[in-house]
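In what follows, chains are A, B, ... by sequence order, proteins preceding strands, each numbered from 1.
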Amino acid sequence: MTAKKIFVHTFLLIGVIFSIFPFYWLVVMSTNETSAIFSSPPKLVFGNYFLVNYHNVMDNINFYRALFNTLFIAIASSVLQLFFNSLTGFTFSKFKFPGSKVLFYLMMATMMIPAQMLLVPQFIIIKELGWLGSYKALIIPGMASAFGIFWIRQYALAIHDDLLEAGRIDGCTKFGLYWRIALPILRPALAFLAISTFMGVWEDYLWPLIVLTDTSKFTLMLTLQQLKSVHTGDYSMVMTGTLLATIPVIAFFLLVSRQFIAGIMEGAVKS
Amino acid sequence: MGGLLKEIYKSRTLYLFISPFYILFLVFSVFPIFFSIYLSFHKWDGIGKMTSVGFNNFTYMFHDPNFWQALINNVAIWLLANGPMLVCALIIAYVINLSIVKFKGFFRIAFFLPNITAMVAVVIIFQSMFGNEYGLVNFLLVKLGLGQVAWFNSSTGVRVIIALMIAWRYLGYNAIIYLSGLQRIPKDLYEAANLDGATMFQSFTKITLPMLRSIILFTVMMSTIGGFQIFTEPQVLAGNQSPYPGSETIVLYMFREGFVYQNYGYAASVSWVLFVIIGFISVLNWKIFNKSDD
């Protein structure tokens with residue numbers, strides 16, 4: 001070990017501590033009483049108040065209902081996005097038809113519109129459709145995305161035309177070519193898309209805040225915000241709720257981190 | 001012409017395949033764009049009649065000190081968060097990419113982990129470390145002999161907290177993006193520089209930075225666009241109260257006008273000004289980075 005090696009690793013470890021400490025702090029707070037944390041010196045080790053805090057959370061919010069709502073919306077959105085984005089992306093990559101270029105560039109241009117721009121009119125459309133307060137308001141507008149289509153198209157460009165030709169000779173319809181030949185090849189691209197859609201829905205806050213009206217339909221993030229606003233004093237309980245809402249994504253991320261990080265890196269190079 | 005129609009007819013299944021995106025696009029983007037332009041010249045509370053007000057929404061905005069304050073807050077938070085964060089991200093990526101570094105996979109995951117944490121959770125966690133009198137950060141400051149800071153009483157204090165949240169959440173994300181660019185720089189460039197006796201700093205400024213220009217542009221653009229969309233941080237921080245001093249951003253200002261006070265027409269005009277600001281800064285970024293090209 002040279003001095004340089006030690007220096008470089010120490011530098012990175014300090015960075016890692018900065019990255020990880022808030023998670024550690026989250027667990028510390030969730031396992032202690034609020035007063036222990038605001039005492040001087042503050043407690044920095046795990047306590048044994050987790051169960052008390054947990055029961056307090058459950059008494060104040062319907063955590064599992066919110067978890068179910070979030071999972072339902074996230075899974076429905078991911079499945080729909082996978083289907084529509086891959087079908088559209090595949091079509092753009094492997095077929096030429098009148099207007100295909102123009103339509104493709106038009107789609108790419110929509111990525112330039114910041115989401116917050118259209119908040120007011122989109123809200124009014126949702127209201128006019130009578131979707132205010134329903135899951136539909138969260139799932140349907142996000143059924144397909146320009147980014148997802150672009151992502152799949154880039155990947156689908158690599159599918160060999162011979163494969164598709166063989167499929168055609170075997171009597172595959174256009175949809176058959178997509179379903180039987182393209183989809184299996186696109187699996188890695190779909191995995192990243194599914195993960196990023198799922199995470200995006202999980203953490204989404206502004207749009208659900210606007211279109212959801214009934215607390216029984218609230219997502220985890222809205223429920224957390226509600227818990228925090230009402231019980232400002234009981235930090236340990238709010239942090240316990242936060243911990244419960246964070247653990248599932250962290251577990252999910254650790255399972256798929258390799259694919260996810262690879263996808264992010266690829267995405268940056270492509271854009 | 002008949003040929004084209006025939007061609008279109010032959011491709012009808014293909015149009016069907018791509019139609020879902022375009023239907024959504026028409027309903028949730030194209031129509032809203034025009035509707036929003038229309039709204040921005042009207043006064044409307046969402047229930048009653050719309051009244052045409054010409055440019056009044058815009059003149060009101062430009063005379064509203066709260067709007068300018070929101071713009072200042074927004075720029076301050078954006079600079080405070082993204083400037084230092086992007087520099088640190090680049091250094092971290094550079095170091096992880098060094099051949100002597102072990103456990104690269106671990107470092108990548110550890111630095112990336114904050115990015116998957118939802119912003120609402122980030123706000124709750126960070127808020128709990130700061131307080132006007134107590135709190136972990138003040139305890140440490142006192143221990144270090146720096147004295148406590150009444151974080152939530154001053155604009156600067158609140159902005160620093162928000163900037164820290166953003167920096168924490170996006171540091172690893174940007175480092176990963178830089179890393180992807182660094183891995184594409186051919187190794188022999190560095191070897192050649194080494195042979196010529198270049199220092200680590202020289203090879204960083206003469207090879208790494210120029211080779212990364214397009215990736216750096218990408219991250220600066222993304223954080224600019226993200227910076228003008230800051231909403232969750234100040235909103236969740238304040239809970240159901242009005243925002244803490246120095247933290248009302250443009251989107252939060254628009255949100256409050258539209259969804260708290262039901263001034264939909266006015267909120268729509270704010271969103272157009274936001275659009276122009278983001279567009280202007282994006283073009284500016286583009287120009288600056290492409291100028292230094294040659």
## Note on the structure
Value for OH (A:Y235) from CD1 (B:I125), rounded to nearest 0.5 Å, stands at 11.5 Å
### Task
Flag the pair B:F25 / A:L103 as yes when at least one side-chain heavy-atom distance between them is below 4.5 Å, and no otherwise.
no
### Message
Please classify the contact between B:L39 and chain A as side chain, backbone, both or neither, with a heavy-atom cut-off of under 4.5 Å.
### Response
side chain
### Task
Heavy-atom pairs under 4.5 Å with chain A are the metric here; pick the option from B:L274, B:L113, B:V251 that has the most.
B:L113
### Task
Against chain B, label A:F104 side chain, backbone, both or neither, depending on which of its atoms sit under 4.5 Å from a heavy atom there.
backbone
### Query
Which bit of B:Y178 comes within less than 4.5 Å of chain A, counting heavy atoms only: side chain, backbone, both or neither?
neither
### Query
Are B:W168 and A:F23 close enough that their ring centres sit under 6.0 Å apart?
yes
### Query
Which heavy atom in A:P121 sits nearest to a heavy atom in B:F35, and how many Å separate them?
CB-CD2, 3.7 Å
### Which atoms of A:A146 approach chain B - backbone, side chain, both or neither, heavy atom under 4.5 Å
both
### Task
Please state whether the side chain, the backbone, both or neither of A:F252 comes within less than 4.5 Å of a heavy atom of chain B.
neither
### Query
Counting only N and O atoms by type, is there a donor-acceptor contact under 3.5 Å from the side chain of B:Y15 to the main-chain atoms of A:F97?
no
### Task
Decide yes or no on ring pair (Phe, Tyr, Trp, His ring centres under 6.0 Å) for A:F95 and B:F17, but give the supporting numbers first.
CA-CA 11 Å; A:F95 297 98; B:F17 289 172; 7.5 Å; no
### Message
Taking every non-hydrogen pair under 4.5 Å, which of B:Q229, B:E7, B:Q241 racks up the most with chain A?
### Response
B:Q229
### Task
Give, as side chain, backbone, both or neither, the part of B:F34 having an atom under 4.5 angstrom from any heavy atom of chain A.
neither
#### Entry: Under 3.5 Å donor-acceptor, A:K228 side chain and B:V236 backbone
yes
### Message
Can you confirm whether B:W272 is buried at CH2, in the sense that more than 12 heavy atoms of other residues, nucleotides or ligands lie under 6.0 Å from that atom?
### Response
yes
### Query
Does a sphere of radius 6.0 Å around CZ in A:F7 hold more than 12 heavy atoms from other residues, nucleotides or ligands, not counting ones at 6.0 Å or beyond?
no
#### Entry: Heavy-atom proximity to chain A below 4.5 Å, by part of B:Y264
both
### Query
What part of A:F123 lies closer than 4.5 angstrom to a heavy atom of chain B: side chain, backbone, both or neither?
side chain
### Message
Is it the case that the side chain of A:H9 and the backbone of B:K102 share a donor-acceptor pair, with hydrogens and angles ignored and the cut-off at 3.5 Å?
### Response
yes
### Message
What part of A:F18 gets within 4.5 angstrom of chain B, counting heavy atoms only: side chain, backbone, both, or neither?
### Response
both
### Query
Between A:S257 and B:F112, is any pair of side-chain heavy atoms under 4.5 Å apart?
no
### Query
Residues two or more places apart in sequence or in another chain: which of them pass side-chain contact (heavy atoms from CB on, under 4.5 Å) with B:V142?
B:Q148
### Message
Taking B:F28's backbone N and O only, do any of them form a donor-acceptor pair with A:Q122's side chain (distance below 3.5 Å, no angle check)?
### Response
yes
### B:M222 CE: over 12 foreign heavy atoms closer than 6.0 Å
no
### Query
Measuring from A:T91:OG1 to B:I18:CD1, what's the distance to the nearest 0.5 Å?
7.0 Å
### Query
Side chain, backbone, both or neither: which part of A:M143 has a non-hydrogen atom closer than 4.5 Å to chain B?
both
#### Entry: Atom pair CG/CE of A:D204 and B:M119 - distance to nearest 0.5 Å
13.5 Å
### Separation between CD1 of B:I47 and NZ of A:K127, rounded to the nearest 0.5 Å
6.0 Å
### For the student: nearest non-hydrogen atoms of A:V16 and B:F107, plus distance
CG2-CD2, 3.6 Å
### Query
Can you name the nearest heavy-atom pair linking A:I20 to B:A110, along with the distance?
CD1-O, 4.0 Å
### Query
So which of A:I125, A:T246, A:L13 has the biggest tally of heavy-atom pairs under 4.5 Å with chain B?
A:I125
#### Entry: Contact summary for A:K5 and B:I100, nearest pair of heavy atoms
CE-O, 3.5 Å
#### Entry: 4.5 Å side-chain heavy-atom contact, B:S11 and A:P98
yes
### Query
With chain B, which of A:S100, A:S19, A:A144 has the greatest number of heavy-atom pairs at distances under 4.5 Å?
A:S19
### Query
Side chain, backbone, both or neither: which part of B:L237 has a heavy atom under 4.5 Å from chain A?
backbone
### Message
Between A:L87, A:L44, A:V8, who has the most heavy-atom pairs with chain B when the cutoff is under 4.5 Å?
### Response
A:L87
### Query
Of the backbone (N, CA, C, O) and the side chain (C-beta and beyond), which part of B:I33 lies under 4.5 Å from a heavy atom of chain A, both, or neither?
both
### Summary
If one checks every heavy atom of A:I250 against chain B at 4.5 Å, the contacting part turns out to be both
### Message
Distance check, rounded to the nearest 0.5 Å: B:I116 atom CD1 versus A:S196 atom OG?
### Response
13.0 Å
### Query
With a 4.5 angstrom heavy-atom cut-off, which part of A:L206 approaches chain B: side chain, backbone, both or neither?
both
### Query
Top residue by heavy-atom pair count (under 4.5 Å) with chain B, among A:L224, A:L129, A:I124?
A:I124
### Task
Can you spot which of B:M165, B:M129, B:R169 makes a side-chain contact (heavy atoms from CB on, under 4.5 Å) with A:P22?
B:M129
#### Entry: Side chain / backbone / both / neither for B:F255 at chain A, heavy atoms under 4.5 Å
side chain
### Query
Do A:Y205 and B:Q235 come within less than 4.5 Å of each other through their side chains, counting heavy atoms only?
yes
### Summary
One option among A:L222, A:L106, A:T173, A:L220 has the most heavy-atom pairs under 4.5 Å with chain B, and it is A:L106
#### Entry: Pairwise side-chain contact, A:E203 with B:V120, heavy-atom cut-off 4.5 Å (strictly under)
no
### Task
Could you tell me which portion of B:T13 (side chain, backbone, both or neither) has an atom closer than 4.5 angstrom to a non-hydrogen atom of chain A?
side chain
### Task
Could you have a look at A:L119, A:L243, A:V230, A:V238 and say which one has the most heavy-atom pairs with chain B under 4.5 angstrom?
A:L119
### Query
In Å and rounded to the nearest 0.5 Å, what is the CD1 to OG distance from A:I261 to B:S180?
11.5 Å
### Message
What I'd like to find out is whether the side chain of A:I140 reaches to under 4.5 Å of the side chain of B:L24, using heavy atoms alone.
### Response
yes
#### Entry: Proximity breakdown for B:L140 and chain A, heavy-atom pairs closer than 4.5 Å
neither
### Flag, side chain of A:S229 to backbone of B:G239, donor-acceptor distance under 3.5 Å
no
### Query
How far apart are the closest heavy atoms of B:A267 and A:V120, and which atoms are they?
CB-CG2, 3.7 Å
#### Entry: B:S128 vs A:M29 side-chain heavy atoms within contact, under 4.5 Å
yes
### Query
Do you know which two heavy atoms are closest between A:K174 and B:K10, and how far apart they sit?
NZ-O, 3.7 Å
### A:F84 side chain reached by B:F21 side chain, heavy atoms, under 4.5 Å
no
